[in-house]
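Each remark here refers to the structure printed beneath this line.
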Amino acid sequence: MHCKYSILLGVALMTYHILQITARVEFTNLKCVSLDKTFSDFEYCQIKAVNRSYKYFELKIQLFKVPVSNVTVNVALMKRLNGYKPFLYNVTFDACKFIKSTNKNPVINYFYGFLSKHSNINHTCPFNNDLLVDKVSIEFVNYQVVKVLPFPEGDYAVFTNWYAYDINRADVRLYLTLA
Ligand SMILES: *[C@@H]1O[C@H](CO)[C@@H](O)[C@H](O)[C@H]1NC(C)=O
Ligand SMILES: *[C@@H]1O[C@H](CO)[C@@H](O)[C@H](O)[C@H]1NC(C)=O
Ligand SMILES: *[C@@H]1O[C@H](CO)[C@@H](O)[C@H](O)[C@H]1NC(C)=O
Ligand SMILES: *[C@@H]1O[C@H](CO)[C@@H](O)[C@H](O)[C@H]1NC(C)=O
């Protein structure tokens, strides 16, 4: 084989192995703001580091006016350049329709994939109970952003806004770094 190509192949294989064994994702911050405390509020919203290899985020939101049967969500992916700038995705959708739908929008479904297996939001409307997102680990997020849909390295944020009956009730932002 031509020398230049075998070096390239070597680098490619090495990169592949590095990607296989190291998590490229770090959570840098999680911010939850209730915009209407008569409607809902956060009981907790945090990143936890159990040890060097096990880190996760979790949050719980209490709903004070149940049942909630009208939910709209905006999800915007941001990438830091000079400040955080919109990057690739900014979607707004009717959450009740989305959850019921059998033919789900793939972009929304990708974001939903971060939560669906770790949350009690995974059921059809209405929502009658407090909502919680339980222990979404670095390993899981790493899998989603490295294997499922590979992203270039950088500082990212996922800005989400949660509307009920067309009123913005909560702002949740997850910041992460991809090395
Ligand atoms: C980190 O904590 C998790 C959960 O308690 C445990 O299963 C794992 O073995 C720990 N890893 C190390 C390296 O201590
Ligand atoms: C996403 O798009 C909506 C509608 O165009 C806009 O109002 C909002 O500011 C955008 N979000 C971000 C974070 O840029
Ligand atoms: C939502 O929950 C149901 C029942 O627990 C499960 O069968 C389904 O796979 C979940 N959906 C996703 C996308 O995880
Ligand atoms: C949700 O609530 C808003 C405000 O009451 C209303 O305008 C809108 O039509 C409702 N959406 C659905 C899908 O019922």
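Every value quoted in this text rests on a predicted model; they were computed, and no experiment measured them. Start at 1 and go down the list; that is how both ligands and their atoms are numbered.
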So if I count the atoms of ligand 2 from 1 in the order they appear, which ones are less than 4.0 Å from some heavy atom of [X]?
{"X": "Ala76", "result": "13 (C)"}
{"X": "Met78", "result": "13 (C)"}
{"X": "Pro86", "result": "14 (O)"}

If only atom types and distance count, is the side chain of [X] paired as donor or acceptor with the main-chain N or O of [Y] below 3.5 Å?
{"X": "Thr28", "Y": "Thr177", "result": "no"}
{"X": "Arg24", "Y": "Ala179", "result": "yes"}
{"X": "Arg169", "Y": "Ala164", "result": "yes"}
{"X": "Asp134", "Y": "Ser119", "result": "no"}

Lys/Arg cation over aromatic Phe57: Lys48, 6.0 Å, 45° cone =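 No, cation not above the ring by the 6.0 Å, 45° rule.
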Are any of the N or O atoms of Tyr54 closer than 3.5 Å to those of ligand 1?
->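 No: no nitrogen or oxygen of Tyr54 is under 3.5 Å from one in ligand 1.
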Under 3.5 Å: N/O of Asn74 near N/O of ligand 2 |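 In this structure, Asn74 places no N or O atom under 3.5 Å from an N or O of ligand 2.
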Any chance you could measure Lys117, atom NZ, to Tyr112, atom OH, to the nearest 0.5 Å?
->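 Reported to 0.5 Å precision, the distance equals 10.0 Å.
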Electrostatic pair Glu26:Lys55 at N-O distance under 4.0 angstrom =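 Looking at Glu26 and Lys55, the cut-off is met.
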At a 4.0 angstrom heavy-atom cut-off, what protein residues surround ligand 4?
->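 Lining ligand 4 at under 4.0 Å, by heavy atoms, one finds Asn70, Asp94, Tyr165, Asp166.
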Donor-acceptor contacts under 3.5 Å from residues 81-91 side chains, at least two apart:
unit_1	atom_1	unit_2	atom_2	d
Lys85	NZ	Asn82	O	2.6
Asn90	OD1	Asn74	ND2	2.8

In ligand 1, which numbered atoms sit nearer than 4.0 Å to a non-hydrogen atom of Asn51?
->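 Listed by number with element, the hits are 1 (C), 2 (O), 3 (C), 8 (C), 10 (C), 11 (N), 12 (C), 14 (O).
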What are the atoms of ligand 1, with element, lying closer than 4.0 Å to any heavy atom of Ser53?
->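 Once the distances to Ser53 are compared, the set is 11 (N), 13 (C).
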Aromatic plane relationship, Tyr56 with Tyr54 - under 30° parallel, 30 to 60° tilted, over 60° perpendicular =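 Tilted, since the angle between the ring planes falls between 30° and 60°.
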